[in-house]
Chemist: 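I am attaching a structure below and will ask some questions about it afterwards.
Protein chains get the first letters and strands the later ones, always in sequence-line order, with residue 1 at the start of each.
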Protein chains: 2
Amino acid sequence: MLTISQLAATANVTVRTVRHYHHIGLLPEPERDASGYRRYGAQAAVDLIRIRTLADAGVPLARIDALLHAQPDEFDAALTDIDAALQRKIEQLTTYRRRITELAGGERLVLPPEVVALLDRMRGLGVSERRVLLERDAWILMQALDPHLVPRRIREKNAGFDDPEATRLYLACDQSVDWDPDDPRLDQLIDDLDAWETRHERDSSQAGYPKLVSARVCEASPAWQRIISALTHRAEQRHRHRPAAPNNRPDS
Amino acid sequence: MLTISQLAATANVTVRTVRHYHHIGLLPEPERDASGYRRYGAQAAVDLIRIRTLADAGVPLARIDALLHAQPDEFDAALTDIDAALQRKIEQLTTYRRRITELAGGERLVLPPEVVALLDRMRGLGVSERRVLLERDAWILMQALDPHLVPRRIREKNAGFDDPEATRLYLACDQSVDWDPDDPRLDQLIDDLDAWETRHERDSSQAGYPKLVSARVCEASPAWQRIISALTHRAEQRHRHRPAAPNNRPDS
DNA sequence: GGTTGACCCTGACCCTACGTCAGGGTTGGA
DNA sequence: TCCAACCCTGACGTAGGGTCAGGGTCAACC
């Protein structure tokens with residue numbers, strides 16, 4: 001006959017675990033000896049090992065209890081079931097392993113690959129990392145709020161960077177963030193932007209592309225505040241002579 | 001800006017999970033809007049997804065907290081560590097899968113293969129299932145109490161079944177369990193057993209082999225009680241004329 | 001026969017990572 | 001105006017044990 005610790009050792013569990021199984025009625029309480037110690041026979045070892053085999057496979061104890069009192073055919077069905085669950089879990093863990101290796105790599109985990117490629121393209125063109133991060137955040141919010149919009153916007157953005165003049169203006173805007181609002185280069189930039197807008201005003205597929213600007217950046221940059229107000233002013237003047245095209249898109 | 005449920009959805013977790021992470025300080029509490037609702041930016045989504053990536057891989061939340069504030073080199077080391085743990089877990093689950101398939105097959109899980117082979121050999125020789133189960137229990141207890149004894153006993157047992165006369169006697173004993181204690185066949189059996197014992201008395205490698213009997217069986221079988229007492233009596237008589245060989249081995 | 005260390009007992013609280021319920025306020029569309 | 005679908009806090013429940021407290025037993029050694 002075995003003591004509780006001997007029994008526990010044969011099944012590779014702690015004494016506490018055995019007592020827990022008694023407590024919840026999963027393993028029957030054995031006879032006690034004269035001093036009140038539990039004394040186990042071989043059947044207890046068999047039962048305990050069967051229990052642990054199932055528990056190790058992730059089966060909840062409550063279900064194990066039911067299983068051990070089930071008909072053989074139910075039992076077999078449950079085993080098939082459990083085996084399938086195990087296999088699924090293994091596959092899950094394998095994909096988690098892949099994702100873990102991507103943790104170091106910034107936004108790769110959060111955004112679809114097309115967007116990641118776009119951000120990398122911006123970096124390659126010389127866009128400042130600060131701007132790229134703002135762009136990233138905008139994509140994340142768009143993804144959360146209106147995911148079906150993303151593919152079209154990606155095409156539009158990429159088309160923008162296919163146009164050399166648009167790209168030049170974008171980079172100039174990016175660099176102008178820290179300029180003094182009285183910097184003479186700003187006048188030239190505003191003229192160029194206005195000219196570009198005038199040329200593309202009807203082309204809704206790229207509508208307002210260089211205006212895609214985070215509100216937070218505007219607040220922080222006097223130079224940009226000047227650009228925005230100047231462009232808005234000129235656009236209004238132009239539209240006094242033409243019918244207004246609806247072109248207001250709130251940006252997050 | 002995102003509400004809590006929108007944030008939760010982008011990371012594929014429940015709202016409760018997000019609040020839990022706030023509560024334990026894993027994810028910083030965001031600003032509230034006028035009505036007290038939490039409002040999240042894109043960085044929260046990035047953080048939450050990173051957290052879940054680690055949590056899904058089985059990293060405890062407390063450790064994730066430490067990891068996110070760690071130096072890049074520590075972080076990388078931890079990732080390697082976590083990846084190795086994942087791989088170990090996958091291998092574990094694979095072996096659990098194998099064990100699950102053996103659950104239907106009786107003692108295979110509980111005993112070493114040599115013992116299982118021995119029990120199968122007994123079944124093949126025609127030993128009753130009741131006897132085999134008693135034998136199985138004896139092996140389980142021996143395994144728990146004195147594992148290093150098992151290999152030698154296996155050799156002895158197998159040697160016993162290599163001897164046709166010993167095997168015949170064993171089978172006869174097995175069948176005699178339910179006989180009436182006055183059954184005339186018992187007299188013949190006792191004579192044969194006594195003769196065998198006399199012949200093998202000095203051969204310690206098989207000492208008392210047919211006597212290997214569970215105490216519980218003896219109690220339940222009047223026929224066996226007669227066999228035991230008769231053999232004991234005869235042995236004593238014989239030993240009155242010869243020096244006694246030490247041959248007492250308590251059988252669990 | 002006294003001590004020591006390894007066991008055994010019950011009962012109770014602690015842990016993680018949330019789930020769930022109660023009780024109530026907010027929002028947005030029909 | 002109403003309803004469903006959100007949001008809030010606070011509190012308790014869950015599995016599968018770990019750990020501690022407070023005490024009894026057993027076997028060996030001195």
Chemist: For atom CZ of A/Arg130, is the number of surrounding heavy atoms from other residues, nucleotides or ligands below 6.0 Å larger than 12?
Modeler: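 Open.
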Chemist: Counting just side-chain N and O atoms, does B/Ser5 come under 4.0 Å of either OP1 or OP2 of D/dA5?
Modeler: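 It does not, given that no N or O in the side chain of B/Ser5 lies less than 4.0 Å from OP1 or OP2 of D/dA5.
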Chemist: For the pair made of CG in B/Asp56 and P in C/dA17, what is the distance, rounded to whole Å?
Modeler: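 It is 12 Å, rounded to the nearest whole Å.
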Chemist: Check A/Arg98 with A/Glu102, please: is the shortest side-chain N to carboxylate O separation under 4.0 Å?
Modeler: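 A salt bridge is absent here (no side-chain N lies under 4.0 Å from a carboxylate O).
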Chemist: Please check if the side chain of B/Arg39 supplies one atom and the backbone of B/Pro30 the other of a donor-acceptor pair under 3.5 Å.
Modeler: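 Side chain of B/Arg39 to backbone of B/Pro30: no pair is present.
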Chemist: Pick out which of A/Lys157, A/Arg153, A/Arg152 makes a side-chain contact (heavy atoms from CB on, under 4.5 Å) with A/Arg155.
Modeler: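 That would be A/Arg152.
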Chemist: Hey, could you give me the CG/CG distance between A/Leu141 and B/Leu7, rounded to the nearest 0.5 Å?
Modeler: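 That separation rounds to 10.0 Å.
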Chemist: Could you tell me which non-hydrogen atom of A/Ile64 sits nearest to which non-hydrogen atom of A/Ala55, and how far apart they are?
Modeler: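 Between these two residues, the closest heavy atoms are CD1-N, 3.5 Å.
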Chemist: Dot-bracket notation for DNA chain D is requested: 5' to 3', Watson-Crick or G-U wobble pairs only, both distances under 3.5 Å, with ( ), [ ], | and . as defined.
Modeler: ||||||||||||||||||||||||||||||
Chemist: Which residues pass the side chain to side chain donor-acceptor pair (under 3.5 Å) test with B/Asp56, not counting sequence neighbours?
Modeler: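 Scan of B/Asp56 (side chain to side chain donor-acceptor pair (under 3.5 Å), adjacent residues dropped) gives B/Arg52.
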Chemist: C/dC8 C1' sits how many Å from A/Met1 CE, rounded?
Modeler: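 Those two atoms, CE and C1', are 16 Å apart.
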Chemist: One character per nucleotide, please: for nucleotides 8-20 of chain D, 5' to 3', B when the base has a protein heavy atom closer than 4.0 Å, S when only the sugar-phosphate does, - otherwise.
Modeler: SB-B----BBBB-
Chemist: Let me know the distance between CG of B/Asp33 and P of C/dG25, rounded to the nearest Å.
Modeler: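 Interatomic distance, CG of B/Asp33 to P of C/dG25: 17 Å.
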Chemist: Does the side chain to side chain donor-acceptor pair (under 3.5 Å) test come out yes or no for B/Gln87 and B/Asp83, once each step is laid out?
Modeler: CA-CA 6 Å; B/Gln87 193 165 9; B/Asp83 188 67; over 6 Å; no
